[in-house]
J.: 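Here it is, the structure, as structure tokens.
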Amino acid sequence: MPLLGGVRPPVAALLSLLLAVAAVTVLALGRSVALDVSPAVLSSQQHLAEDAASEVRAVLDQDAATLRHQAAQLSDLTGANGANAAVDTTGPLTADGLLRRLSTLGHTWLGTAVAESGTGRLLAVSGEQIPASAVQAAATASTSRKGKPVLITLPDHETRLLVSANVGGHVLVATDTIGLTAPGGDLTRGFLLVDGHARTVASLGPALVGAQDQRIPSSSAHASAQRGGSSGVDRNSGYLVGDLHTGKRTVAGWADVAPANDPLVHPLGLTAVVVMATPQTSNVTGDSLLALTAAGALLLAALLVTLLLVLRLQRPLLRLHLGAARIARGDLSRPVALARGGEAARVGHALDALRRQLHGESPEVFRPLRRVFGARAVVVVCALLLAAWGVPLLLMFTRPVSATAVPQQLVADQQTRTVAAAERMRQSLAAGYQDVAGVAAVLDSTATPDRAQRLLSTALEQHSRYRTLYLLARNGSVLTSVGKQPRQTPGELSGRGGLVQVNTDGKIPVLDVWAPVPKARPTIPGQQPVDLGPFTPVAVVGEFDISVLDTTLDHPGMGNVWLVDDRQKVVASRSGYLAYQNLPTDRLAQLAQSASSAPQSKLVPDGADQDLIAAAPLGVLAGVSTQFNWQVVSSQPSSWLDLGAYRTQRLTMLAGLLGLTAGLGCLGWLHVIVVRPLRSLAVSAEALAGGDRRTVLYPVHHDEVGSVLRSLELLRQQLAASSTHRRTPPSARI
């Protein structure tokens with residue numbers, strides 16, 4: 001029966017895998033790919049388009065929320081004066097009065113209309129002309145769609161945003177422009193909004209948009225958006241590469257304003273496109289000389305390792321297998337061929353001693369060989385040879401990359417996106433103040449506990465940015481609260497409301513927004529304001545959920561982003577942090593301190609790498625009296641970017657990892673199934689040759705070591721039988 005397994009399969013597998021790794025090294029690392037625009041720059045434009053799409057969507061949703069809020073106010077009025085009337089200073093009015101009242105509620109709409117719910121019959125219009133079909137569609141739409149923004153086209157081919165809301169038995173319809181803002185206020189590139197018919201709805205930025213220099217038509221961006229993201233991210237976004245013009249390449253990033261894979265967001269069919277002309281840069285991936293050198297060195301190491309394993313392990317073990325089988329069959333005429341050293345030599349020496357003992361030699365004559373360079377040492381030497389090839393390739397991954405390999409466009413984009421992140425954080429905090437101020441406006445110091453509780457509960461349900469909402473008394477105690485228990489109250493408050501940084505240390509930052517509760521007006525002129533005693537709220541306070549602020553800073557492609565206070569201590573981040581800890585490096589802290597008035601960015605060395613760091617001030621919060629000198633700070637290692645130099649390093653590291661994995665895997669396999677059993681075999685053979693006839697030898701595997709062990713067991717039985725025969729007296733043998 002032939003041997004199964006043994007020493008030959010791992011040696012053959014090791015040689016085959018090392019040859020395959022050498023081929024992969026030549027094919028992957030040796031193929032040079034030169035691009036005049038780095039993929040990192042293209043991905044950066046894609047992320048900017050995603051930021052622009054997110055901001056556009058926020059503006060559109062805000063328009064819809066504004067109309068719903070105004071409709072709720074008008075519903076209160078019509079409910080008090082009849083379902084078909086609105087109240088103004090002149091008395092009850094019909095649909096026209098409803099539109100006049102709407103114009104006094106703050107937001108200016110381009111066009112408004114009132115229609116009957118269900119039938120869609122137009123009752124009143126104001127401002128620009130809204131197509132009757134659009135009004136009827138909004139009025140007859142299902143309840144689940146009312147209030148969601150849609151796009152309409154006016155007779156002059158202008159595109160408008162149309163939102164609707166219920167007011168009693170009527171439907172209020174309003175139109176507005178589609179706001180487009182440049183992320184971070186960067187107007188050095190063009191921004192487009194493309195609708196579902198590949199038409200440009202809005203544009204912003206330099207004359208590149210729509211000019212002859214533009215090499216990326218809007219229809220291409222829209223078609224790509226319909227195919228889905230080609231860049232490998234979960235969102236419907238991607239990038240496009242245009243023509244070369246005057247030494248610059250036109251590139252664009254695009255992103256759906258309403259991702260099709262988000263069932264909670266109503267799709268509008270809009271695509272945000274960012275277009276810019278970037279200078280050509282040298283972006284080469286691959287190194288032919290390095291690939292050939294590494295592959296040649298690996299071939300040499302593979303041949304040396306294979307030769308060493310064959311000569312010092314495989315061939316001696318096969319000779320042992322044949323010699324032991326010959327002696328076990330009874331052929332004792334020839335001595336056992338001895339290997340040059342190691343366990344094979346020790347086993348061969350013991351086998352030859354057993355052959356002589358079968359001829360009558362005493363076991364006491366046997367002397368085991370001295371233990372020298374063995375099979376384990378052979379495997380270790382092979383591992384060191386392969387490590388001498390693979391470890392330098394791994395270390396090349398950490399070699400410094402020239403700062404010129406990082407395009408300056410990426411540094412500018414990092415600053416632009418950091419400014420945009422600061423703008424989003426500023427808007428979130430300002431919106432938080434407006435929410436609390438709205439609750440305070442409908443309360444006064446005569447509010448009952450039940451009414452206050454209902455208002456706070458409704459506000460907490462509508463706005464998820466708060467952890468808790470509560471009312472403060474004049475002495476700083478909490479009168480009533482909804483949500484979770486306040487971690488820490490701000491104590492005595494003064495002024496007209498704003499933001500309060502409640503703590504400056506501890507495990508969790510506490511950031512509150514508050515607004516004063518107006519005092520109740522006296523019912524009779526000259527009287528003092530009404531005071532209801534213990535329940536007299538003076539302020540509405542909302543405690544921000546820090547996890548919501550963390551999410552506001554979460555944007556792909558920016559690296560690590562932190563919100564820091566005026567001491568450069570971390571308040572919020574998506575990177576994992578301890579409350580009020582220092583920024584990771586002194587450079588970041590210095591940049592944050594110097595960026596208190598204007599955004600800054602730079603490329604700084606960090607060991608063998610460079611970091612793109614940027615900081616932007618939070619700035620003035622609209623409508624909030626309290627101001628913080630806070631900043632948003634970001635840092636992204638350049639090694640995270642898709643640059644040619646780092647691609648080459650990653651391919652080099654991959655080749656080293658493959659070689660080390662193949663070598664260590666096969667050598668480990670060899671050590672487990674050959675080296676360890678062989679070492680145990682040498683001990684058993686020497687014990688048997690030394691006179692141990694009682695220990696039974698059990699072969700485990702059907703390989704060379706198992707075959708030798710089986711032969712030793714046969715020899716043990718023969719020696720034990722002959723020894724018993726010699727000790728038995730002649731009278732007992734009859």
Side-chain angles (χ1 to χ4, degrees), residues 5-33 284-317 340-344 372-402 405 607-609 639 643-676 678-679:
V7 67
R8 286 172 287 192
V11 175
L14 177 61
L15 179 60
S16 301
L17 289 176
L18 292 181
L19 293 178
V21 172
V24 170
T25 301
V26 172
L27 294 176
L29 188 58
R31 186 179 63 177
S32 296
V33 179
V284 181
T285 301
D287 190 329
S288 301
L289 179 60
L290 177 61
L292 293 175
T293 303
L298 182 58
L299 289 176
L300 180 60
L303 293 177
L304 289 176
V305 167
T306 304
L307 187 63
L308 187 60
L309 291 175
V310 169
L311 294 180
R312 297 304 301 269
L313 194 60
Q314 177 176 308
R315 184 175 295 179
L317 191 54
R340 294 184 179 181
E343 290 82 3
V372 291
F373 190 81
R376 179 182 292 177
V378 172
V379 173
V380 170
V381 170
C382 294
L384 291 177
L385 284 174
L386 295 179
W389 177 84
V391 171
L393 296 183
L394 295 180
L395 295 178
M396 291 180 70
F397 180 70
T398 59
R399 64 182 178 178
V401 173
S402 173
D609 201 359
S639 59
L643 299 174
Y646 290 108
R647 275 189 176 184
T648 301
Q649 286 193 355
R650 294 185 188 104
L651 291 174
T652 305
M653 184 186 70
L654 177 61
L657 282 176
L658 289 176
L660 288 177
T661 302
L664 296 179
C666 291
L667 291 176
W669 177 16
L670 190 67
H671 183 269
V672 170
I673 69 169
V674 176
V675 174
R676 290 174 58 184
L678 181 59
R679 289 167 61 86

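Below, all heavy atoms of this structure are taken into account, side chains as well, without hydrogens, waters or symmetry copies. Along the sequence shown, residues are numbered consecutively beginning with 1.
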J.: What heavy-atom pair brings Ala28 and Leu651 nearest, and what distance separates the two atoms?
T.: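 Nearest heavy atoms, Ala28 then Leu651: O-CD1, 3.7 Å.
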
J.: As an exercise, state the distance from CD of Glu343 to CZ of Arg676, rounded to the nearest 0.5 Å.
T.: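 Between atom CD of Glu343 and atom CZ of Arg676 there are 13.5 Å.
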
J.: Could you tell me whether the side chain of Leu667 reaches within less than 4.5 Å of the side chain of Leu386, counting heavy atoms only?
T.: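 With C-beta onward as the side chain, the pair touches.
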
J.: Report the distance from atom CG of Leu308 to atom CG of Leu303, rounding to the nearest 0.5 Å.
T.: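 It comes to 12.5 Å.
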
J.: Specify the closest pair of heavy atoms between Gly342 and Val372, including all atoms of both residues, with the distance to one decimal.
T.: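 Result for this residue pair: N-CG2, 4.0 Å.
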
J.: Do Leu658 and Leu654 make a side-chain contact, defined as non-hydrogen atoms from C-beta onward lying under 4.5 Å apart?
T.: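 Result yes, sub-4.5 Å side-chain heavy-atom pair found.
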
J.: Is any side-chain heavy atom of Val379 less than 4.5 Å from a side-chain heavy atom of Val674?
T.: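 Contact flag for Val379/Val674 side chains = no.
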
J.: Compare every heavy atom of Cys666 with every heavy atom of Ala13, then report the nearest pair and how far apart it is.
T.: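 Nearest pair, atom of Ala13 first, then Cys666: C-SG, 4.0 Å.
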
J.: Taking all non-hydrogen atoms of both residues into account, name the closest pair between Leu17 and Ala662 and its distance.
T.: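 Taking every non-hydrogen atom into account, CB-CB, 3.8 Å.
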
J.: Hey, are the side chains of Leu29 and Thr652 touching, using non-hydrogen atoms and a 4.5 Å cut-off?
T.: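 In contact.
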
J.: With a 4.5 Å limit on heavy-atom distance, are the side chains of Val305 and Trp389 in contact?
T.: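 Sidechains of Trp389 and Val305: no contact.
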
J.: Given Leu15, which partner from the list Val11, Leu18, Leu19 fulfils the side chain to side chain contact (heavy atoms under 4.5 Å, CB included) test?
T.: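 So the option named by the test is Leu19.
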
J.: Once you round to the nearest 0.5 Å, how far does CG of Leu664 lie from CG of Leu14?
T.: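 The distance works out to 10.0 Å.
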
J.: Hey, what do you get for OG1 (Thr306) to CG (Leu311), rounding to the nearest 0.5 Å?
T.: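 The CG atom of Leu311 is 10.5 Å from OG1 of Thr306, to the nearest 0.5 Å.
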
J.: On a heavy-atom basis, which atom in Pro10 and which in Ile673 lie closest, and how many Å separate them?
T.: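 Looks like CG-CD1, 4.2 Å.
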
J.: Check the pair Arg376, Val675 against side-chain contact (heavy atoms from CB on, under 4.5 Å), reporting the backbone distance first and the verdict last.
T.: CA-CA 6 Å; Arg376 179 182 292 177; Val675 174; 4.1 Å; yes

J.: I'd like to know if the side chain of Thr648 reaches the main chain of Gly286, judged simply by a donor and an acceptor atom lying under 3.5 Å from each other, with no hydrogens or angles considered.
T.: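 Flag set: sc Thr648 to bb Gly286 pair under 3.5 Å.
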
J.: For a 4.5 angstrom cut-off between non-hydrogen side-chain atoms, does Leu678 reach Val7?
T.: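 The answer is no; the side chains never approach within 4.5 Å.
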
J.: Could you check whether any side-chain heavy atom of Thr25 comes within less than 4.5 Å of a side-chain heavy atom of Leu393, counting everything from C-beta outward?
T.: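 Result no, sub-4.5 Å side-chain heavy-atom pair not found.
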
J.: Distance check, rounded to the nearest 0.5 Å: Leu309 atom CG versus Leu317 atom CG?
T.: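 The CG atom of Leu309 sits 12.0 Å away from the CG atom of Leu317.
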
J.: For Ala295 and Ala22, work out which heavy atoms get closest and say how close.
T.: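 Between these two residues, the closest heavy atoms are CB-O, 3.7 Å.
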
